[in-house]
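Written out below as structure tokens is the structure these notes cover.
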There are 2 protein chains.
Amino acid sequence: MLSNACKYAIRAMIYLAAGADNHLKVNIKELAAAVDSPLPFTAKIMQSLSKLGFVSSSKGPSGGFFLNTAQLETKLLDIVMAIDGPKELNGCGLGLANCNEQHPCPLHQEYKTIRERFKILLHENTIHSLAQSMKQGNSVLKNML
Amino acid sequence: MLSNACKYAIRAMIYLAAGADNHLKVNIKELAAAVDSPLPFTAKIMQSLSKLGFVSSSKGPSGGFFLNTAQLETKLLDIVMAIDGPKELNGCGLGLANCNEQHPCPLHQEYKTIRERFKILLHENTIHSLAQSMKQGNSVLKNML
DNA sequence: CAAAATTAAGATATTTTTATCCGTTATTAA
DNA sequence: TTAATAACGGATAAAAATATCTTAATTTTG
């Protein structure tokens, strides 16, 4: 559904959000460990997120990544659009470049319904709201034994 | 959602199904053109489908690919499972290897609902049923201008 | 001010997916 | 029986995604 890059990005941002109340900065080593993602790849992704304005960062000792108040309210949809692009969320289920109401593929209507539900899910869930669920111990961001 | 290989496979099989009443054999050139897919890659995919028993084939002049009665009733789910594997359909929305009810990711419940709907769609639609929709002129398998 | 810590940037490597090419084998039909 | 046709099989290539490495730039702190 989503690319690895996108999944790592979302997991990382949720982790940052969980510490955001206390203005905690998290360095890349801790971050990658906390969400079970490959460190160097995650570092690259965090760089992108930083450039895109989805996360904040500061260099030097006691530096790291963090989220400001506005960034906390980022919707999953924004992240997915930025990393995986609109094709993933708007594309035809059978891969036709110009599948539409006029010329639908055989799966068009049914697939569209599901795709739209997924988009709603991504639109309604923010990094902040998901971090709440995690902080309350209702969910996790890394693999448990 | 699905790989290109899987999308091409489904489009090709629906096209074959549309001619199956008349026991038409379709050669790879016509097939690739009919569903707007790259010929050599599609040829490879048809080879796989043939090995897997999803399509029939015969060599030589007037040979080609075709579907027998049983193959007409192939569910999309079977094709997706064979080509993309179960991970695509059962995996965690945020990529956790062992996300489950005991240790759910923050998206688990909502994502699962959508994933299950998609699986139902793939389970309920057969190559045959989709070919009907196409033969009745209600849908298409290639890009229209 | 110097050393250490940490992100940023750019280059490189690996893997997977997608795609192509070529020679072989089987089958048909003239 | 031979020439043409078409799938089959294996090797190769190109592109994209994933992942790593190395060096630079910045900031903090002793």
Side-chain angles (χ1 to χ4, degrees), chain A residues 1-13 16 23-67 80 82-85 87-88 91 94-95 97, chain B residues 1-13 16 23-67 71 80 82-85 87-88 91 95 97:
Chain A
M1 202 75 131
L2 304 178
S3 67
N4 283 356
C6 202
K7 290 170 182 167
Y8 295 153
I10 293 171
R11 300 220 300 266
M13 283 190 68
L16 293 183
H23 309 87
L24 290 182
K25 291 175 188 170
V26 182
N27 69 47
I28 188 62
K29 193 175 170 186
E30 175 189 340
L31 185 52
V35 303
D36 256 354
S37 60
L39 193 149
F41 189 37
T42 306
K44 270 292 174 233
I45 294 164
M46 294 311 294
Q47 257 182 55
S48 306
L49 291 177
S50 175
K51 262 194 187 173
L52 290 163
F54 288 129
V55 308
S56 307
S57 68
S58 67
K59 293 184 179 180
S62 84
F65 297 96
F66 61 98
L67 301 182
V80 174
I83 296 183
D84 286 351
K87 202 174 174 184
E88 181 68 26
L94 294 185
Chain B
M1 201 76 132
L2 303 179
S3 67
N4 283 356
C6 202
K7 291 169 183 168
Y8 296 152
I10 293 171
R11 300 220 302 266
M13 283 189 69
L16 293 183
H23 308 89
L24 289 182
K25 292 176 187 170
V26 182
N27 68 46
I28 188 62
K29 192 175 173 186
E30 175 190 340
L31 185 53
V35 303
D36 257 351
S37 61
L39 192 148
F41 189 35
T42 306
K44 271 289 174 238
I45 294 163
M46 293 312 294
Q47 258 183 57
S48 306
L49 292 177
S50 175
K51 261 193 186 174
L52 290 163
F54 288 128
V55 307
S56 307
S57 68
S58 66
K59 293 184 179 178
S62 84
F65 297 96
F66 60 99
L67 302 183
Q71 291 165 338
V80 174
I83 296 183
D84 286 351
K87 202 174 175 185
E88 182 67 26

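Just so it is clear: chains get the letters A, B, ... in the order the sequence lines come, proteins before strands, and each one is counted from 1.
Using a 4.5 Å heavy-atom threshold, the side chains of Ile10(A) and Met13(A) count as separate.
Note that the first and last nucleotides of DNA chain C, 5' to 3', having any atom under 4.0 angstrom from a heavy atom of chain B are dT18(C) to dA29(C).
Legend: residues meeting ring-ring contact (aromatic ring centres under 6.0 Å, His included) with Tyr8(B), ordered by chain and number and at least two apart, are Phe41(B). For Ala12(B), the side chain to side chain contact (heavy atoms under 4.5 Å, CB included) partners at least two apart in sequence or on another chain are Leu31(B), Met46(B). Applying the side chain to side chain contact (heavy atoms under 4.5 Å, CB included) rule to Leu52(A) yields the partners Phe54(A), Ala82(A); only residues at least two apart in sequence or on another chain are considered. Among residues two or more places apart in sequence or in another chain, the side chain to side chain contact (heavy atoms under 4.5 Å, CB included) test is passed with Asp36(A) by Arg11(A), Lys142(A), Asn143(A).
Proximity of Ser50(B) to the phosphate of dC8(D): a side-chain N or O atom is located under 4.0 Å from OP1 or OP2. Between Tyr8(A) and dA19(D) there is a side-chain N or O to OP1 or OP2 distance below 4.0 Å.
Residues Lys59(A) and Thr42(A) both approach DNA chain D. Their nearest nucleotides, taken by heavy-atom distance, put Thr42(A) toward the 5′ side. With DNA chain D read from its 5' end, the first of the two nearest nucleotides for Ser62(A) and Gly64(B) is the one closest to Gly64(B).
The side-chain hydrogen bond (donor to acceptor under 3.5 Å, both in side chains) contacts involving residues 39-54 of chain B comprise Ser37(B)-Thr42(B), where partners must be two or more places apart or lie in separate chains.
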**Message:** How would you summarise protein contacts on nucleotides 10-16 of chain D per nucleotide, using B for base, S for sugar-phosphate only and - for none, with heavy-atom distances below 4.0 Å?
**Reply:** BB-----

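Distance check, rounded to the nearest 0.5 Å: CD of Glu30(B) to CG of Leu16(B) gives 9.0 Å. Once rounded to the nearest 0.5 Å, the distance linking NZ of Lys7(B) with CG of Asp84(B) reads 9.5 Å. One distance of note links CD1 of Ile83(B) with CG of Leu49(B); it measures 5.0 Å at 0.5 Å rounding.
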Acceptor/donor pairs from residues 59-67 of chain B side chains to any protein atom, 3.5 angstrom cut, sequence neighbours excluded:
none

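The separation between Leu49(B) atom CG and dA7(D) atom P is 13 Å, rounded to whole Å. In this entry the distance linking CG of Asp84(A) with C1' of dT18(D) reads 13 Å, nearest Å. Rounded to whole angstrom, the span from the CZ atom of Phe66(B) across to the C1' atom of dA7(D) amounts to 12 Å. For the pair Leu52(B) CG and dC8(D) C1', the interatomic distance rounds to 15 Å; values are reported in whole Å.
Comparing the end axes of the helix from dC1(C)-dG30(D) to dA30(C)-dT1(D), each fitted to five base pairs by superposing C1' atoms of four pairs onto the next four, gives an inter-axis angle of 0° (nearest 10 degrees).
Between Glu88(A) and Met1(B), the closest heavy-atom pair is OE2-N, 3.1 Å. Here the shortest heavy-atom pairing between Ala9(B) and Ile45(B) reads CB-CG2, 3.8 Å.
Within residues 24-31 of chain A, the residues that have a heavy atom under 4.0 Å from DNA chain C are, in order of number, Val26(A), Asn27(A), Ile28(A).
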